[in-house]
Structure formats: C-alpha cells, structure tokens
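We count residues from 1, following the sequence as given.
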Amino acid sequence: MAASASPTSLKLSRPSTAVSLLRHRPLSATFGVTSLSFRRHRDQPRRVVVLSMDAKPTILVSEKLGEAGLNLLKEFANVDCSYNLSPEELCTKISLCDALIVRSGTKVSREVFESSAGRLKVVGRAGVGIDNVDLAAATEHGCLVVNAPTANTVAAAEHGIALLTAMARNIAQADASVKAGKWLRSKYVGVSLVGKTLAVMGFGKVGSEVARRAKGLGMHVIAHDPYAPADRAHAIGVELVSFDEALATADFISLHMPLTAATKKVLNDETFAKMKKGVRIVNVARGGVIDEEALVKAIDAGIVAQAALDVFTVEPPAKDSKLVQNENVIATPHLGASTMEAQEGVAIEIAEAVVGALKGELASTAVNAPMVPAQVLTELKPFVTLAEKLGRLAVQLVAGGSGVKNVKVTYASARAPDDLDTRILRAMITKGLIEPISSVFINLVNADFTAKQRGLRITEERILLDGSPESPLELIQVHIANVESKFASAISDSGEIIVEGRVKDGIPHLTKVGSFEVDVSMEGSLILCRQVDQPGMIGKVGSILGEENVNVSFMSVGRTAPRKQAVMAIGVDEEPSKQSLKRIGEIQAVEEFVYLKL
Ligand SMILES: NC(=O)C1=CN([C@@H]2O[C@H](COP(=O)(O)OP(=O)(O)OC[C@H]3O[C@@H](n4cnc5c(N)ncnc54)[C@H](O)[C@@H]3O)[C@@H](O)[C@H]2O)C=CC1
Ligand SMILES: O=C(O)C(=O)COP(=O)(O)O
C-alpha cells in the first residue's frame, strides 16, 4: 500500500527543552518553559509550565580535595566531605549521594554501586588512575565515571625524576644516617645519570614528561609503549623499542603505564631475569605492575641494584614489608600527584566534570561513556531528542506479549558515514525502547550494556543522500522486526513496525508510521487513528478532545488516496480520559486507533 507524499498538517510552535544524556531522573532545578500557540485554541491564555524543580544534589567527597574545587562544587550541590570512611560506612552513605569524588585511597567497589540503589550518577576520580573504581559495575549501574587526566601530569613526572636522582645518589639513606649522627661518605657513593640508558615503560602523558626531563639530565632515553605513536616519541628524541629490548638495555627503568589486566605484575621473576644486572627501577605508576615478592628476590640476587617506589600493591604497605624495609629501596607514600599546584588543578578539573555530568552534559573526560566533542553534541542535540522519542513511540506500537529482539535503525544523511557519530543516537533510541516497558533507567553509559543484557539486538544502517551535508542527518527510521503491532497500520509493507522522524526548525517530527506519511511534532502525547478519509474527521476528534479541555498541538493526515484509508496523527498536550479515547474509537469511520505517550 503506497501512502500519499504530502500529509496535511496544522501548525505548532514550541521551544524545545534541555536534553539530558546522562541523568537518570531530573536532578537540579530544571525549568522547562513551554509556550503553546495553536490556531484552533486561540482564546486559550499562554501558559508557563514548570516541568520539575528538585532539591540540590548531594556530592560525597571521600578524600582531601583542593579548596577551589570544593568551592565550585558547593555552588551547585550539598557537599559532604567525609574522609577515611570504612567500606561499610561508604556503602551506607552512598545511597544518599548523587555523586562521589575520590582519589586513589577509596575503593569504589561493586557493593558501592549496588548500595547506591540507582541514586549515584557520577564518580569523579580526582586524578588519573581509575584502577580503584569497578568500571564494569559502574557501567552496569549507568553511573558515569570521569577523571582528571591532565592536571597532575607534571607533578607525577617531577616526582619520578626526584626519585630517580634521589635513588642514584642515595639521598634518602644518607639523610637518615646523618640524622642518626653518622657521617658515612664512602658508603653512599652513588651512580651518575649522564650517558645512562633510561627505559620509560608507558609513553603517555607522565612517561613523555619524564623522558623530556631525563634527556635534559643527559640520559639516553628509550621507551616501550605498544600504543604510542612513533612520531610523538621521535619529536622528543626518544626511540620506541620492544618490551624485551627495553629490559635488556636499560640502566634505569621508569614505569608509567596504567594498571590493567595486561600490565598486572608485568615485572616478575621471568622479566627481572631479562634485565641488565644492576638495573635501577622507579615506579610512580601503580604498585600492582610489579610482583613485589619477585622484586625483593631480584634485589637480593643483585639483578636490581635499587628501587624507588611511590606506589604499592597494597597501600599503605605492611609495616614489616620486606620490600619497604630493604636498604636498597626508597619509598614515598603515593606522593606523585601531591603538589599544591596539581591538587588545585585536579580539584577544579574534577569539580567541573562532575557538576557538568550532574547537569546532564557529556563529560570530555568520561572513562566509561563515549566522549563526544561539544560542537558535535550541539549539532546532534535535536536528533538526540528525536531518537529517544522514536524509540519510545516504536515500542509502544508493539502488541503486548511480543518481545522486541531485533531493531534496525536507519540514518539517512548527506554526510559521509565517518562524519556521523551515532553512538549517542543509538543510546537514546535504546533508552526510548527500554524505559517504557521496564523499570530500568537508561543513559549513555549503560545503554549498550542493558540492550545486550536484555537480548535486544540493535543494528544500524546508513543511507548516503545526495545534496548538501549542512545538517548531520536528514531522517531516522526505527524498524522493529518479528512483532505484531497494536496499530496494524504501523506495520509497513516489509512486515516490520516502522516509525520515521525528522527535525524541523529544531523540533522532532514524526514523519512516517508504517507506510503512511504524516507530519506531527513529537511533543506531549500522540493519538494515531486509521480511518476512511472523509470530511469532518478532524472536527469530530477535535471536539471530543476539546470538550474535556485537552489541547491539540498538531494534526496531520497521511492518506493512500482521497477518500481511501488515512492515518490521522494528533498531538495532545494533556492525557485524554479513557472515556474520550473510547469515543474517538467509536467514531464510525475510525478503523483503529492508539494513544502513545512520547
Ligand atoms: N603516583 C602518582 O601519584 C601518580 C600516578 N599516576 C599513574 O601514572 C600512570 C600514567 O599516567 P598518565 O601518563 O597520565 O596516563 P596515560 O594514559 O597518559 O599514559 C599511559 C600510557 O601507558 C601506555 N600503556 C598501556 N598499556 C601498556 C603496556 N602494556 N606497556 C606499556 N605501555 C602501556 C598507554 O599506551 C599510554 O600511553 C598511571 O598508572 C597513573 O595512574 C599518574 C599520576 C600521579
Ligand atoms: O592520579 C593518579 O593516578 C594518582 O595516582 C594520584 O593519586 P592521588 O590522587 O594522589 O591519590
């Protein structure tokens, strides 16, 4: 059945409200001001609708944070600074918090997310390493994790260099002996750095700053990092080498990789055996990248001459730790990021990221969600709303009992597929598909995970259109296969439920249902009626709704041919009573109808 090309439509005028990508529920004071105008209801006064106005969010800060960051947080939220909480105390408090800010000393375990019972929306790590946060659990609970990846880079690099030089010249041991009244000049003869080879393991932000500084000390610097671009290394005169080559040639090894499954205990019995005898090791990364027992053995065997450690597998390490007590080891209590400057920097960086995330903005330092540049997000914003509404509408068209398993999303755009980032759109369609039929809250963080968990397979298809790619997208279609519909006209010729939408003047519009073309703004709620096309239908439906003061915001009729079948789409601001819907269904020409909440 072919539908007519141009649906008839009446007028709408309505500003769009803010798009929330990350929030579960409205959080801070959110004012949505809606002014409606519609020809058929000219006598109605303009209205201002306050959508919601909730209390301030609560942010728990569980470790010391710089003052400037705290002040930023306090402008927006209630801030609870509670340090040294036990795991049980943290789990108890967290159910009353919308955000949690930690450093390396707080374990944000699965239990923390479970105890939050859905309230915790963002965990901010005031620093780089997120190995103390259970990322999988965060994602499963739809909780965004953000970090502050840049503000402590220089501090960590400077600490690495401080440990390197202190170790080479026995500064810590010599200082302790002078304070103990000794004067052991021949015992503390050190080694020179100039001309020695330093292997930087992990050539990221800290690693490359260490390399730059070590070159300034006259060292020959090599680096191992399977993911670092060679040109970045060449630019500062560093050669990238294999792991084994780094171990075999280094006089000093400085560790700067994250702690991951791949880097856990990467220095172990086997790898110590590959090192040059007398090598010296600096670790400002994470204790877990070294097998600490193996390090003690390697020191005892003379393979490792000295080690300078800022980080430990368990922090603080045991008082009688053989490693810490070894006279060839110098240790600091995880001080890499602890400069006044770095702490003010990370505090501001994390406060901005957490406040932004609580406002529903996308964070550029998100660890478990797509990072989308601000200008791409601005462009996609109306399509984000459209995507969610299409998903919401499509799933409500499915007849009860038939499970949605296969959804295809088609994006038609004149932009090259690589220029269109659909991750947010897919997440919002998923949100629209799942939320109306479950109690789960979906956001950008947990959308893919939740879809997979529910056996919902979402495939995406791009259609490349001719023409000017001014807008990122022309239209989005959502197809649901292998289901029955409670509105048979929503099933297209291909046997799937199809809904299609476009953005017009910044407002999402429904432009197709099944094979019928309509044009109705997707705000408020929607009544879809299939009827025999005949005069007076709009009036009949309109007056039933008008009788109970239900405001019609938009009407559109898509028909196969004059006086044949037509689908009428009616946008309403208020929910009509069951009685009114029944009366619409009883209009003689109406063959089927459905009421949908957008
Ligand atoms: N002690 C302290 O207070 C501080 C410690 N850190 C730690 O320093 C480390 C580095 O931090 P950033 O440089 O900011 O991170 P980054 O992400 O900029 O750099 C990490 C680098 O490690 C590389 N890498 C990943 N797997 C590797 C592997 N198997 N072998 C070699 N390289 C690998 C990555 O490609 C990346 O280039 C992290 O573990 C971080 O937690 C950072 C700041 C302060
Ligand atoms: O940023 C990092 O990765 C750090 O290790 C710094 O840890 P901290 O914030 O000082 O507990």
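Met522 places a side-chain heavy atom less than 4.5 Å from the side chain of Leu386. Proximity of Leu425 to Val409: side-chain heavy atoms (C-beta onward) are nowhere separated by under 4.5 Å.
In Lys408, the NZ atom is crowded: over 12 heavy atoms of neighbouring residues, nucleotides or ligands sit closer than 6.0 Å. Within a 6.0 Å radius of CD in Gln588, no more than 12 heavy atoms belonging to other residues, nucleotides or ligands are found. Heavy-atom neighbours of Arg457 CZ from other residues, nucleotides or ligands within 6.0 Å: at or below the threshold of 12.
With Pro576 as the partner, the side-chain contact (heavy atoms from CB on, under 4.5 Å) test is satisfied by one option alone out of Lys582, Arg583, Glu548: Glu548.
Across all their heavy atoms, Glu484 and Ile497 have their closest contact at O-CD1, 4.2 Å. Smallest separation of non-hydrogen atoms from Lys93 and Leu60: CD-CD1, 4.0 Å. In terms of heavy-atom proximity, Ile587 sits nearest to Val541 at CD1-CG2, 3.8 Å. Summarising the geometry of Phe593 relative to Leu581, their closest heavy-atom pair is CZ-O, 3.1 Å, with the distance given to 0.1 Å. Across all non-hydrogen atoms, the minimal contact from Arg125 to Asn132 is NE-OD1, 4.3 Å. Taking each heavy atom of Leu259 and Gly288 in turn, the nearest pair found is CD1-C, 3.7 Å.
Shown here are the side-chain contact (heavy atoms from CB on, under 4.5 Å) partners of Asp421, two or more places apart in sequence or in another chain: Val372, Arg423. Scored by the side-chain contact (heavy atoms from CB on, under 4.5 Å) test, Gln453 finds Phe449 as partners (sequence neighbours excluded). With sequence neighbours left out, the salt bridge (Lys or Arg N to Asp or Glu O under 4.0 Å) criterion links Asp131 to Arg286.
A donor and an acceptor atom, one from each side chain of Thr150 and Glu349, are located under 3.5 Å apart.
Ion pairing of Arg462 with Glu460 is absent here, as no side-chain N (NZ or NE/NH1/NH2) approaches a carboxylate O to less than 4.0 Å.
Between the CG atom of Leu73 and the CD atom of Glu352 there is a distance of 10.0 Å, given to the nearest 0.5 Å. Here the CZ atom belonging to Phe487 is positioned 7.0 Å from the CZ atom belonging to Arg530, to the nearest 0.5 angstrom. The CZ atom of Arg415 sits 8.5 Å away from the CG atom of Leu473 when rounded to the nearest 0.5 Å. Here Cys143 contributes atom SG and Leu120 contributes atom CG; the two are 4.0 Å apart, rounded to the nearest 0.5 Å. Distance check, rounded to the nearest 0.5 Å: CD1 of Ile458 to OG1 of Thr422 gives 10.5 Å. In this structure, CD on Glu575 lies 9.0 Å from OG on Ser577, to the nearest 0.5 angstrom.
Looking at Thr410, its side chain never comes within 3.5 Å of a backbone N or O of Glu461 through a donor-acceptor pair.
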